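Bear in mind the structure is a predicted one, so any value in this text is a computation, not a measurement. The first residue in the sequence is number 1, and the count goes up from there.
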Amino acid sequence: MESKTFVLRDLEGLHARNAAKVVMAVQGGGDVKVTVRCGGVEADGENILELMSLNARYGAELTVTALGERAREILEKVEKAVNGSMI
């Protein structure tokens with residue numbers, strides 16, 4: 001299991017487009033299970049509605065946890081997807 005915490009730098013927060021980017025990054029990970037936590041609320045990394053329900057705004061701290069063989073690679077893709085340099 002790998003975990004990474006980073007600050008959300010997109011001025012619009014984790015809006016629909018960024019949530020969709022996260023889902024795309026996670027779905028490319030095969031058997032990797034990803035969860036995203038913000039402010040005590042946790043969401044499945046493959047569920048766009050759950051990700052948007054985190055209500056993560058600019059400056060929010062996101063903790064992404066991945067379990068699986070390619071966990072580290074997926075964590076990096078998720079951070080890039082959310083903070084502007086899409087995978």
Side-chain angles (χ1 to χ4, degrees):
M1 178 166 61
E2 299 276 340
S3 185
K4 186 170 187 172
T5 301
F6 58 90
V7 175
L8 188 57
R9 295 186 317 229
D10 190 308
L11 294 175
E12 296 180 19
L14 191 58
H15 53 79
R17 188 173 341 142
N18 279 345
K21 289 178 183 179
V22 170
V23 170
M24 287 188 293
V26 171
Q27 287 178 340
D31 66 343
V32 178
K33 171 71 175 152
V34 175
T35 56
V36 181
R37 179 177 285 277
C38 180
V41 180
E42 191 172 282
D44 178 350
E46 291 189 86
N47 188 315
I48 192 168
L49 294 176
E50 285 186 24
L51 289 169
M52 290 173 55
S53 74
L54 292 174
N55 202 26
R57 303 283 182 217
Y58 172 79
E61 198 171 86
L62 298 178
T63 301
V64 182
T65 304
L67 178 62
E69 235 178 82
R70 297 174 53 206
R72 184 171 300 210
E73 175 188 345
I74 298 303
L75 288 176
E76 290 172 6
K77 286 184 176 185
V78 169
E79 182 175 15
K80 288 177 184 176
V82 170
N83 281 327
S85 52
M86 184 55 185
I87 48 178

Query - Residue pair S3 / T63: nearest heavy atoms and the distance that separates them - result: OG-CG2, 3.6 Å
Query raised in the report: If you round to the nearest 0.5 Å, how far is CG of L14 from SG of C38?
Result: 8.0 Å
Requested in this report: Using side chain to side chain contact (heavy atoms under 4.5 Å, CB included) as the criterion, list what pairs up with A16, not counting sequence neighbours.
Outcome: M52
Requested in this report: Applying side chain to side chain contact (heavy atoms under 4.5 Å, CB included), run through M1 and T65 and close with a yes or a no.
Outcome: CA-CA 7 Å; M1 178 166 61; T65 304; 3.3 Å; yes
Query raised in the report: Shortest non-hydrogen contact from V23 to I48?
Result: CG2-N, 3.8 Å
Report task. Mind jotting down which residue pairs meet the salt bridge (Lys or Arg N to Asp or Glu O under 4.0 Å) criterion with at least one end in residues 49-62? Sequence neighbours excluded, please. Result -> none
**Report entry** R70/D31 salt bridge by N-O under 4.0 Å criterion
**Finding:** no
Report task. Would you name the heavy atoms of N18 and A81 that are closest together and state the gap between them? Result -> OD1-O, 3.8 Å
Report task. State yes or no: do V7 and V41 share one hydrophobic cluster built from I, L, V, M, F, W and Y residues joined by side-chain heavy-atom distances below 4.5 Å, directly or via other members? Result -> no
Query raised in the report: Going through the distances and angles, do D44 and K33 end up as a side chain to side chain contact (heavy atoms under 4.5 Å, CB included)?
Result: CA-CA 8 Å; D44 178 350; K33 171 71 175 152; 3.6 Å; yes
Query - Contact list for residues 2-14, test salt bridge (Lys or Arg N to Asp or Glu O under 4.0 Å), sequence neighbours left out - result: E2-R72, K4-E79
Report summary line: Closest non-hydrogen contact found for A56 with L62 is CB-CD2, 3.9 Å
Query - Spatial distance of atom CD (Q27) from atom CD1 (I74) [nearest 0.5 Å] - result: 10.5 Å
Query raised in the report: Is L49 reachable from V34 through a run of hydrophobic residues whose side-chain heavy atoms are each under 4.5 Å from the next?
Result: yes
Report summary line: In terms of heavy-atom contacts, V22 and G45 come closest through CG1-O, 3.9 Å
Query raised in the report: More than 12 non-hydrogen atoms from neighbouring residues, nucleotides or ligands closer than 6.0 Å to CD on E42, yes or no?
Result: yes
Query - salt bridge (Lys or Arg N to Asp or Glu O under 4.0 Å) evaluation trace for K80 with E76 - result: CA-CA 6 Å; K80 288 177 184 176; E76 290 172 6; 5.3 Å; no
**Report entry** Pairwise side-chain contact, V26 with V32, heavy-atom cut-off 4.5 Å (strictly under)
**Finding:** no
